[in-house]
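In what follows, a structure is listed as structure tokens, so that the remarks can point back to it.
Everything numeric here is computed off the predicted structure, so don't read it as measured data.
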Amino acid sequence: MGVTLLAFLLIYLAPGDFLSQMAENPTISPQTIEAMRHKFGLDQAWYVQYALWLKNVFFHLDFGESFAYRQPVFSVILPRLGNTLLLSTAAAIVAWGLAIPLGILSAVRQYSWIDKSSSFISFLGLSIPEIFFGLLCMFVAARTGWFPVGGMHSIDYDDFSWGGKMLDLGRHLFLPALVLGTVPLAGRMRQMRANLLDVLRLDYVTTARAKGLDENKVVWKHAVRNAINPLITLFGFTLASLLSGSFIVEIVMAWPGLGSLTLDALLKQDLYLVMGSVVIAATMLLLGNLVADILLAVADPRIRYD
């Protein structure tokens with residue numbers, strides 16, 4: 001409720017509205033503009049517009065109609081949302097699938113070449129802005145031809161077989177997922193390394209080693225499970241950050257997702273389309289936190305919810 005109210009108020013406080021640009025067109029009469037303003041409800045006070053929108057959402061699950069597309073908001077958002085979730089999921093797989101094993105290796109082989117190489121990669125990933133890294137990847141793709149430059153599909157995508165379509169999608173998805181997953185990869189890898197190093201110095205690990213347990217069993221069964229718990233609590237925030245970070249990557253790398261749609265809606269002041277995007281982002285954050293709590297309870301037997 002707070003997020004929707006704040007978003008609605010900020011959009012209302014921005015100068016002009018969706019019809020302001022149309023009003024500059026001399027071929028459109030002022031009477032037509034006023035009729036459209038009344039039709040869209042833009043001639044009412046902002047709190048009246050918000051109350052009507054909120055009532056439709058709660059009682060009818062109606063998020064309004066997009067001014068620009070002349071379609072229900074979710075009919076416009078859902079295809080783009082699927083593309084954004086695909087990109088965010090691929091980026092999460094890249095980030096977590098590499099961060100956890102690299103962090104463990106760095107901690108177990110502290111100060112080795114693996115540790116130093118992983119540290120260099122993590123510091124580099126934390127230092128490079130997503131915009132610059134995305135442009136750099138597009139430059140490399142354009143010069144080498146190894147990957148497509150922007151977009152989600154090739155022009156002749158519909159002519160491919162099922163396997164060819166998956167391969168084409170994977171080629172278009174690789175660079176955006178790499179760019180989006182680099183920052184969380186670097187951060188989670190450093191956190192995993194630091195957590196595991198702290199756990200490996202605890203008394204119960206020393207006792208396990210003194211009893212003659214195999215080192216792999218000590219690390220993987222006793223140390224890693226406790227070291228990874230703090231990271232699980234960050235999973236929900238990672239999900240939300242990937243969703244918001246994907247907006248930048250989508251715009252820079254021309255990925256047809258929710259980010260580019262939201263930016264276009266903001267520029268056009270398409271009120272209800274922006275509100276739909278905000279609701280989805282807030283919902284993803286709440287679901288991410290819920291998933292993090294559930295995973296933490298599963299991973300740590302000391303934590304149970306009655």
Side-chain angles (χ1 to χ4, degrees), residues 66 68-69 71 74-99 101-102 117 120-122 124-189 238-268 270 273 276-277 280-281 284:
S66 168
Y69 293 89
Q71 296 179 22
F74 268 80
S75 298
V76 180
I77 287 179
L78 284 180
R80 297 293 192 97
L81 175 62
N83 297 341
T84 295
L85 291 177
L86 175 63
L87 175 58
S88 299
T89 301
I93 293 174
V94 170
W96 289 84
L98 294 177
L102 287 177
S117 301
F120 174 77
I121 293 173
S122 64
L124 189 64
L126 290 171
S127 304
I128 299 179
E130 286 183 342
I131 294 178
F132 175 77
F133 190 33
L135 293 174
L136 181 62
C137 288
M138 292 180 66
F139 174 77
V140 172
R143 293 298 297 268
T144 62
W146 293 344
F147 296 98
V149 182
M152 185 175 175
H153 301 301
S154 300
I155 298 177
D156 51 350
Y157 174 81
D158 292 332
D159 298 331
F160 294 159
S161 62
W162 184 86
K165 290 181 178 180
M166 293 298 101
L167 181 61
D168 181 69
L169 177 61
R171 292 181 69 245
H172 284 80
L173 180 62
F174 179 79
L175 287 182
L178 178 64
V179 173
L180 183 59
T182 297
V183 173
L185 163 63
R188 300 300 175 260
M189 181 167 61
T238 301
L239 181 64
S241 64
L242 285 175
L243 184 65
S244 59
S246 67
F247 282 27
I248 299 175
V249 175
E250 287 173 7
I251 294 168
V252 173
M253 307 192 75
W255 181 265
L258 192 60
S260 55
L261 179 68
T262 303
L263 177 63
D264 183 61
L266 282 170
L267 294 176
K268 293 180 179 178
D270 196 340
L273 188 55
S277 302
I280 287 177
M284 291 299 296

| All side chain to side chain contact (heavy atoms under 4.5 Å, CB included) counterparts of L169, not counting sequence neighbours | L86, M152, H153, W255

| request: Taking side chain to side chain contact (heavy atoms under 4.5 Å, CB included) as the test, write out the residues that go with A254, two or more places apart. | output: none

Using every non-hydrogen atom in the two residues, find where [X] and [Y] come nearest and quote the distance to one decimal.
| X | Y | result |
| --- | --- | --- |
| A177 | A90 | CB-CB, 3.8 Å |
| S88 | L180 | CA-CD2, 4.2 Å |
| V94 | L185 | O-CD1, 4.3 Å |
| P176 | M253 | CA-SD, 3.7 Å |
| L178 | T182 | O-OG1, 2.5 Å |

Distance-only donor-acceptor pairs under 3.5 Å for side chains of residues 74-84, two or more places apart:
{"from": "R80", "atom 1": "NH1", "to": "G257", "atom 2": "O", "distance (Å)": "3.1"}
{"from": "R80", "atom 1": "NH1", "to": "S260", "atom 2": "OG", "distance (Å)": "3.1"}
{"from": "N83", "atom 1": "ND2", "to": "P256", "atom 2": "O", "distance (Å)": "2.7"}
{"from": "T84", "atom 1": "OG1", "to": "R80", "atom 2": "O", "distance (Å)": "3.3"}
{"from": "T84", "atom 1": "OG1", "to": "E250", "atom 2": "OE2", "distance (Å)": "2.7"}
{"from": "T84", "atom 1": "OG1", "to": "L258", "atom 2": "N", "distance (Å)": "2.6"}

| Taking the side chain as C-beta and beyond, is there a heavy-atom pair between L273 and Y69 under 4.5 Å? | yes

| field | Gap separating the CZ atom of R188 from the OG atom of S122, nearest 0.5 angstrom | value | 12.5 Å

| query | In chain order, what residues pass the side chain to side chain donor-acceptor pair (under 3.5 Å) check against T262, with sequence neighbours excluded? | reply | S277

For a quick test of your reading: what N or O donor-acceptor pairs under 3.5 Å do the side chains of residues 126-148 make, sequence neighbours left out?
{"from": "S127", "atom 1": "OG", "to": "F123", "atom 2": "O", "distance (Å)": "2.6"}
{"from": "T144", "atom 1": "OG1", "to": "V140", "atom 2": "O", "distance (Å)": "2.7"}
{"from": "T144", "atom 1": "OG1", "to": "W146", "atom 2": "N", "distance (Å)": "3.3"}

| field | Pairs flagged by side chain to side chain donor-acceptor pair (under 3.5 Å) wherever residues 162-171 is involved - sequence neighbours left out | value | S154-D168

